[in-house]
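All remarks here apply to the structure that follows.
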Amino acid sequence: MSKRFYLTTAIAYPNGKPHMGHAYEAIASDAIARFKRLDGFDVRFLTGTDEHGLKIAQAARDAGIDPRAYVDGTSQPFIDLDRQLGISFDRFIRTTDDDHKALCQQLWQRMAANGDLYLGRYEGWYSVRDEAYYEEAELVAAVDAAGNPVKLSPQGTPVEWTVEESWFFRLSAYADRLLALYAEHPEFIQPTSRFNEMRAFVAGGLSDLSMSRTSFDWGVPVPGSPGHVMYVWVDALANYLTGAGGLDGEWWPADLHIIGKDVTRFHTIYWPAFLMSAGIALPKTVFGHGFVLNRGVKMSKSDGNVVDPAAMAARFGVDRLRWFLLREVAFGEDGSYSDEAIIERTNADLANGIGNLAQRALSMVAKNLGGAMPAPGPSHGAAALAESLTALTEAYFAAMNALQLHRALEAVMLMVNAANGYFAENAPWSLAKTDTQAMANVLHATLDATRRIVLLVQPFVPDSAGRLLDQLGVAADARQFSDFDAVVATGTQLPAPAGVFPRWSEAA
RNA sequence: GGCAGCGUAGCUCAGUUGGUGAGAGCGCCGGAUUCAUAACCCGGAGGUCGGCAGUUCAAAUCUGCCCGCUGCUACCA
């Protein structure tokens, strides 16, 4: 059986700078990608930017430059952020890439060939100045110069009832098939709360979907229909196919789409319907993660609490930020972050926990054994420790495979507690004076427990874990999960220990 | 308004199909220790399990009502 795994993030809309939400999604997805690679899978990891649509066109016009030049500039910070955060993507797709535009048109033709696209009319309240349609409920009542009541857009611009030619997708014909999909594959939408919402939405009936626009031209042209560009979501969702290698790409179907909970509908209703229409296999799972809020409050420029993730990563270090977001926030739920919370969490887990565990054992090996890795041997409580580590490792894998990233790290921290407890109970610093062999046995068991722990945290703090494994004498080619039982050879010369996870103190 | 969910120790939350005296982490207090990044280890405090009323031999766990909070309720993404 081929162990392959294709996962994607949602693609970011680069009409502004990346915020913490982008960093969070990228980091979580990256941890999963790295986990799968360590677990022996061939992984394809796709991320990118969604560069078409009205808002981009407007922003480019406001900036007085060509849309393509505009997105060339605004997509770069997203790429830079990914690189800074160590996101191990295989491709950073941009929807303005030529191969993607070609694929969109192929997808469109497949849906058309299946009879699911038809030309109709889209009607609504349209603001010429905003180049946008608004819902009746969004309109604001006002009074014109002559004292007559009028309706205005949320931006205060005039709106008029407008009829526009548009291609439509027969989404209404897919409700039953979608409900059957949900019933057969409840894992298709996660977490459960999102699953229930989407199922209820579909059960309430579906209307056909407007699939093209004629009011602006910054998009993928509809084949054979001059003046029409595709609705941005057709273009956006199709990126996953492009990234898989095409309509019949070698990586398709995707195993996992990681998305923000706000775009669940597009990914779990429209997307599978499009694919069914085109006769293409469906992704296995769509996971809608929650939002991370600054001190529990949504970020807004007016509140002055917008946080730049690049600055945050630069300040605390990439691995501290990664660890905090994935350990502190229940994956799937909303979370809150603050400087204090990041410092407290990472000091407790990384400095006092993993880092200190490694340091206390390594320093004893350096001082008492000349830095040579001791041989395994019996010690009090070693069996219980091993049993505990095995059970918790199983819990880690179960949690990871269920996308419960925070649970996986919880299991890791219990392993750290077990190892620290074993170490304290045996007090090797006392054995150093009475029974050097017994001391060496305890140090071996502790270092091996640490090795196992650090192997497991590689997906979360890849850089730090790598440096820690160096210190533990673990060969670069012995860091896969399949190497879990490959103990470091007796006598291996360990480098002089140096703290990998320094404690953060505000004064310093 | 409709549908769904939530409200458990200061904080963040676990609590299977109702049943030994209600839990974890962080924070706090005390003890022990000195290998280690003033870290680690052990122990403790503490909460009317949102409120009221029911069902039951027995409810945080079921039912009803009330209070508070959140999500979804289609074409900006």
Side-chain angles (χ1 to χ4, degrees), chain A residues 10-16 50 52-56 58 122 124 130-135 137-138 154 166 168-169 171 192-213 231-236 260-266 269-270 288 290-291 296 327-330 333-336 340-341 344-345 347-368 406-407 410 413-414 416-417 419-433 439 442-443 446 497-505 508:
Chain A
I11 48 178
Y13 203 66
N15 63 341
D50 175 18
H52 289 128
L54 175 66
K55 289 196 174 180
I56 294 286
Q58 289 175 330
Y122 185 78
D130 296 345
E131 291 186 18
Y133 282 91
Y134 294 101
E135 290 295 292
E138 291 182 284
S166 173
F168 280 82
F169 174 73
L171 183 65
T192 308
S193 53
R194 301 268 99 78
F195 175 89
N196 292 336
E197 287 172 3
M198 293 305 112
R199 186 177 54 184
F201 183 91
V202 175
L206 296 173
S207 304
D208 288 349
L209 189 65
S210 171
M211 292 281 273
S212 71
R213 297 294 136 87
Y231 173 44
V232 284
W233 269 105
V234 179
D235 171 6
K261 64 181 183 180
D262 54 328
V263 292
T264 308
R265 194 176 65 232
F266 302 95
I269 297 175
Y270 300 172
F291 298 143
R327 156 84 159 133
E328 182 90 357
V329 181
E333 305 289 316
D334 288 350
S336 174
E340 294 75 19
E344 202 172 283
R345 181 91 260 168
N347 273 351
D349 291 349
L350 299 179
N352 301 349
I354 298 171
N356 186 51
L357 173 66
Q359 188 70 9
R360 66 196 309 198
L362 285 171
S363 85
M364 283 201 71
V365 170
K367 289 176 184 172
N368 297 285
H406 59 297
R407 294 273 186 215
E410 192 175 20
M413 289 314 299
L414 290 174
V416 175
N417 292 344
N420 266 321
Y422 164 84
F423 193 84
E425 191 184 351
N426 282 286
W429 56 90
S430 295
L431 293 174
K433 300 165 189 164
M439 173 204 73
V442 171
L443 293 180
T446 303
V500 168
F501 293 120
R503 184 179 174 79
W504 181 282
S505 67

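Lettering of chains follows the sequences in order, A, B, ..., and the numbering in each one begins at 1.
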To the nearest Å, give me how far apart OH (A:Tyr231) and P (B:C76) are.
-> 6 Å
Value in whole Å for how far the C1' atom of B:C72 lies from CZ of A:Arg194 = 8 Å
Touch check for A:Gly205, heavy atoms < 4.0 angstrom, all strands: base, sugar-phosphate only, or nothing?
-> base
Please name all residues satisfying side chain to side chain donor-acceptor pair (under 3.5 Å) with A:Glu425, sequence neighbours left out, ordered by chain then number.
-> A:His380
P spacing across the pair B:A9 / B:G15, given as an integer number of angstrom = 15 Å
How far does the C1' atom of B:G27 sit from the matching atom of B:G71, given to the nearest Å?
-> 31 Å
Where the side chain of A:Ser166 meets the backbone of A:Ser212, is there a donor-acceptor pair that is under 3.5 Å apart?
-> yes
Nearest-Å distance once atom C1' is located in both B:G30 and B:A36 | 23 Å
Can you find a heavy atom in the side chain of A:Phe423 that is under 4.5 Å from one in the side chain of A:Trp429?
-> yes
When you compare B:C35 with B:C13, how far apart are their P atoms, in angstrom units rounded to a whole number?
-> 40 Å
Would you mind reading off the distance between A:Glu328 atom CD and B:A24 atom P, rounded to a whole angstrom?
-> 19 Å
Separation of the P atoms in B:G64 and B:G2, to the nearest angstrom | 16 Å
Starting at atom NE2 of A:His406, determine the distance to atom C1' of B:A24, rounded to an integer number of angstrom.
-> 13 Å
In whole angstrom, give the distance that lies between atom CD of A:Glu197 and atom P of B:G5.
-> 11 Å
Which residues pass the ring pair (Phe, Tyr, Trp, His ring centres under 6.0 Å) test with A:Tyr13, sequence neighbours left out?
-> none
In whole angstroms, the gap separating P of B:A74 from OH of A:Tyr270 amounts to 9 Å
Taking atom C1' in both B:A32 and B:G68, compute the distance separating them and give it to the nearest angstrom.
-> 46 Å
List for me each residue that meets ring pair (Phe, Tyr, Trp, His ring centres under 6.0 Å) alongside A:Tyr270, sequence neighbours excluded, and say none if there are none.
-> A:Phe266
C1' atom, B:G23 versus B:C65: distance in rounded Å?
-> 30 Å
For A:Arg327, check salt bridge (Lys or Arg N to Asp or Glu O under 4.0 Å) against everything at least two apart and list the hits.
-> A:Asp349
Would you say A:Met364 and A:Pro428 make side-chain contact, with heavy atoms under 4.5 Å?
-> yes
Stems with RNA chain B, 3 or more Watson-Crick or G-U pairs in a row (under 3.5 Å), are B:1-7 with B:67-73, B:10-13 with B:23-26, B:28-31 with B:41-44, B:50-54 with B:62-66
Can any side-chain N or O of A:Asn347 pair as donor or acceptor with the backbone N or O of A:Trp504 at less than 3.5 Å?
-> yes
Between B:U73, B:C76, B:C72, which nucleotide gets closest to the side-chain atoms of A:Lys55?
-> B:C76
Between A:Leu206 and A:Arg407, just flag the one whose closest nucleotide in RNA chain B comes earlier from the 5' side.
-> A:Arg407
Write down the distance separating the C1' atoms in B:A77 and B:C40, rounded off to the nearest Å.
-> 49 Å
Heavy atoms under 4.0 Å, any strand shown: does A:Asp50 hit a base, just sugar-phosphate, or nothing?
-> sugar-phosphate
Round to the nearest Å and state the distance from A:Asn196 atom CG to B:U70 atom C1'.
-> 15 Å
A:Phe266 side-chain proximity, nearest of B:U73, B:C75, B:A77 | B:A77
Taking only residues two or more places apart in sequence or in another chain, which ones pass salt bridge (Lys or Arg N to Asp or Glu O under 4.0 Å) with A:Lys261?
-> A:Asp334
Applying ring pair (Phe, Tyr, Trp, His ring centres under 6.0 Å) to A:Phe195 and not counting sequence neighbours gives none
Taken in chain and number order and not counting sequence neighbours, the residues that satisfy side chain to side chain donor-acceptor pair (under 3.5 Å) with A:Asn420 are A:Arg360
Nucleotide by nucleotide, 5' to 3', does protein get under 4.0 Å of the base (B), only the sugar-phosphate (S), or neither (-) in nucleotides 26-41 of chain B, counting heavy atoms?
-> S------SSBBB-SBS
Report the distance from atom CG of A:Asp235 to atom P of B:C76, rounded to the nearest whole Å.
-> 16 Å
Given that A:Ala236 and A:Leu171 both sit by RNA chain B, which one's nearest nucleotide is further toward the 5' end?
-> A:Leu171
Name the nucleic acid region contacted by A:Phe201, choosing base, sugar-phosphate or nothing; use a 4.0 angstrom heavy-atom cut-off, strictly under.
-> base
